[in-house]
Number of protein chains: 2
Amino acid sequence: MPRPARVSPDRILAAAALEFAERGFAGARVDRIARRARVNKAMIYYHFKSKQTLYRSLLRDLFTLVGNRLEQIASSDRPSAEKIDLTIAMFADMIQQHAAVPAIMLREVAERGAHLDPGTLTALTRVPRLVAAIVQEGVDAGAFRAVNPVFAHFTLFAPVLFYLAGAPIRKEITDLHLMNLSSATPNDFVQHMQETARRALARDVPARSTR
Amino acid sequence: MPRPARVSPDRILAAAALEFAERGFAGARVDRIARRARVNKAMIYYHFKSKQTLYRSLLRDLFTLVGNRLEQIASSDRPSAEKIDLTIAMFADMIQQHAAVPAIMLREVAERGAHLDPGTLTALTRVPRLVAAIVQEGVDAGAFRAVNPVFAHFTLFAPVLFYLAGAPIRKEITDLHLMNLSSATPNDFVQHMQETARRALARDVPARSTR
DNA sequence: GTCTATACTTCGATAGAC
DNA sequence: GTCTATCGAAGTATAGAC
């Protein structure tokens, strides 16, 4: 097996992730991706058919990665509440490892999925499907209150995505002394979200003075 | 006062909101904005100096609008928990009225605030500042548990933004029969978020089996 | 204030040698 | 598999008449 064959495609994908995250699909420049990957621009068109094909390959790889890790958590035999904690932590960890993920996902939602083909959408859909399954399992077992599992998925993921993606803009606001938004660590926020999720999903009513 | 003078700039801003929301800053085409606003392209450069100036004017107007409505809520004499409910509902309503808002905000976060000048950032910062003030007030009054007010801001807003912005991509997933993500109404989600916020912020511990 | 015409630039993509 | 050179299409912005 000629092992080193994928060195070039892999470097291109890594460079593309950074470029697409920073500039979006329309703003990304194939020239820049080539420079960042230290390959010739023509090599990109040799390995991938077009800018769009490259983009789709990248997204499918990323979604598959998240889906695989989520599947491990979902199929484990831990209590539902713990699976939620693990899911939040996994997602935050994934973002630390692949810093390009949040920006790309934010952009793709804003783009209305314009660049996604059915194959990529299928890889993407595994994520809400698995999260919803974890939540539903907890509801069925009586551990969680009766929530819409899809709603729960958005409630858990969106803040993590948004908060971690927003670090640069928060830093700018902080540097301009408009407001101090940069004193907490990513891990602080993960813990906050785990606590929030626990309370939001818990079956028992929190306060009695609700009325 | 020559009142009708702003007809053209206003139409341009409205058209720009749609175009920037759909395509992002890099993907937006000044030609298309001109066509959508039914003005000549040169008029855009006459009223606004450049594509970037147009974009900034638009964002500043939008942020100011949200800030003003938020200020009304914050300065009212309602209980803190009710202010949170109103904030979530107001934000969702704002998005219904100005459908371009969520996509633009998602994109701008992903862009790391690349197109924002200090003036626009100042208008933007009013929003987290006011939300944090509402939360802090509730904490001080003993109505809320001791949460980081900035974290709370992200926990409340991000899901609404993300869910409403994600409607088109969810519809595509539903249409391809990959998963049914389109059965709920926006208002269902608002109520889910209000319930979630109430539980997440409530001072009393929900369950006793937390251990 | 409004329009036409166009200068200037950038970018995606390919041809073709090695 | 890798490189150089370049084509052709868009796109931002402006000049200048009305």
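Order of the sequence lines fixes the chain letters, A, B, ..., with proteins taken first and strands second; residue numbering starts at 1 for each chain. Note that these values count all heavy atoms, side chains included, but never hydrogens, waters or copies made by symmetry.
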With sequence neighbours excluded, what pairs up with [X] under the side-chain contact (heavy atoms from CB on, under 4.5 Å) test?
{"X": "B:Ala74", "value": "B:Leu130, B:Ile134"}
{"X": "B:Ser80", "value": "B:Glu137, B:Phe144"}
{"X": "B:Ala200", "value": "A:Thr196"}

Atom [atom1] of [X] to atom [atom2] of [N]: distance rounded to whole Å?
{"X": "A:Met43", "N": "C:dT14", "atom1": "CE", "atom2": "C1'", "answer": "15 Å"}
{"X": "A:Ile12", "N": "D:dG1", "atom1": "CD1", "atom2": "C1'", "answer": "11 Å"}
{"X": "A:Tyr55", "N": "C:dG12", "atom1": "OH", "atom2": "P", "answer": "15 Å"}
{"X": "A:Lys51", "N": "D:dA9", "atom1": "NZ", "atom2": "P", "answer": "18 Å"}
{"X": "B:Tyr46", "N": "D:dA17", "atom1": "OH", "atom2": "C1'", "answer": "16 Å"}
{"X": "A:Ile44", "N": "D:dG1", "atom1": "CD1", "atom2": "P", "answer": "15 Å"}
{"X": "B:His115", "N": "D:dT12", "atom1": "NE2", "atom2": "P", "answer": "13 Å"}
{"X": "A:Phe48", "N": "D:dG1", "atom1": "CZ", "atom2": "P", "answer": "12 Å"}

Heavy atom of residues 14-23 of chain B under 4.0 Å from DNA chain C: which residues?
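Correct list: empty, so none.
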Heavy atoms within less than 4.0 Å of DNA chain D: which residues of residues 28-35 of chain B have one? Give them sorted by number.
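Going residue by residue through residues 28-35 of chain B, the ones with a heavy atom under 4.0 Å of DNA chain D turn out to be B:Ala28, B:Arg29, B:Val30, B:Asp31.
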Just to verify, what does [X] make a side chain to side chain donor-acceptor pair (under 3.5 Å) with, not counting sequence neighbours?
{"X": "B:Glu111", "answer": "A:Arg107, B:His115"}
{"X": "A:Ser182", "answer": "A:Thr174"}
{"X": "B:Ser183", "answer": "none"}

Identify all side-chain donor-acceptor contacts of residues 36-44 of chain B below 3.5 Å with residues at least two apart in sequence or on another chain.
{"unit_1": "B:Arg36", "atom_1": "NH1", "unit_2": "B:Glu19", "atom_2": "OE1", "d": "2.9"}
{"unit_1": "B:Arg36", "atom_1": "NH2", "unit_2": "B:Glu22", "atom_2": "OE2", "d": "3.1"}
{"unit_1": "B:Asn40", "atom_1": "OD1", "unit_2": "B:Ala42", "atom_2": "N", "d": "2.9"}
{"unit_1": "B:Lys41", "atom_1": "NZ", "unit_2": "B:Asp31", "atom_2": "OD1", "d": "3.4"}

Which residue pairs pass the side chain to side chain donor-acceptor pair (under 3.5 Å) test when at least one of the two sits in residues 89-104 of chain B, sequence neighbours left out?
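Sorted pair list: B:Arg69-B:Asp93.
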I'd like to know if the side chain of B:Arg56 reaches the main chain of B:Gly119, judged simply by a donor and an acceptor atom lying under 3.5 Å from each other, with no hydrogens or angles considered.
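Checked: no pair found.
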It should be established whether A:Tyr45 places a side-chain nitrogen or oxygen under 4.0 Å from OP1 or OP2 of nucleotide C:dA13.
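So the side chain of A:Tyr45 is within the cut-off, an N or O lying under 4.0 Å from OP1 or OP2 of C:dA13.
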Counting only side-chain nitrogens and oxygens, does A:Ser8 get under 4.0 Å of the OP1 or OP2 atom of D:dG1?
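No, outside the criterion.
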Taking the inter-plane angle between the rings of A:Phe25 and A:Phe20 on a 0 to 90° scale, is it parallel (under 30°), tilted (30 to 60°) or perpendicular (over 60°)?
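Rings of A:Phe25 and A:Phe20: parallel, as their planes differ by under 30°.
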Can you check nucleotides 5-7 of chain D for protein contacts, nitrogen or oxygen pairs under 3.5 Å, and list what you find?
none

Results of salt bridge (charged side-chain N to carboxylate O under 4.0 Å, His left out) for A:Arg129 - residues two or more places apart only:
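Applying salt bridge (charged side-chain N to carboxylate O under 4.0 Å, His left out) to A:Arg129 gives none.
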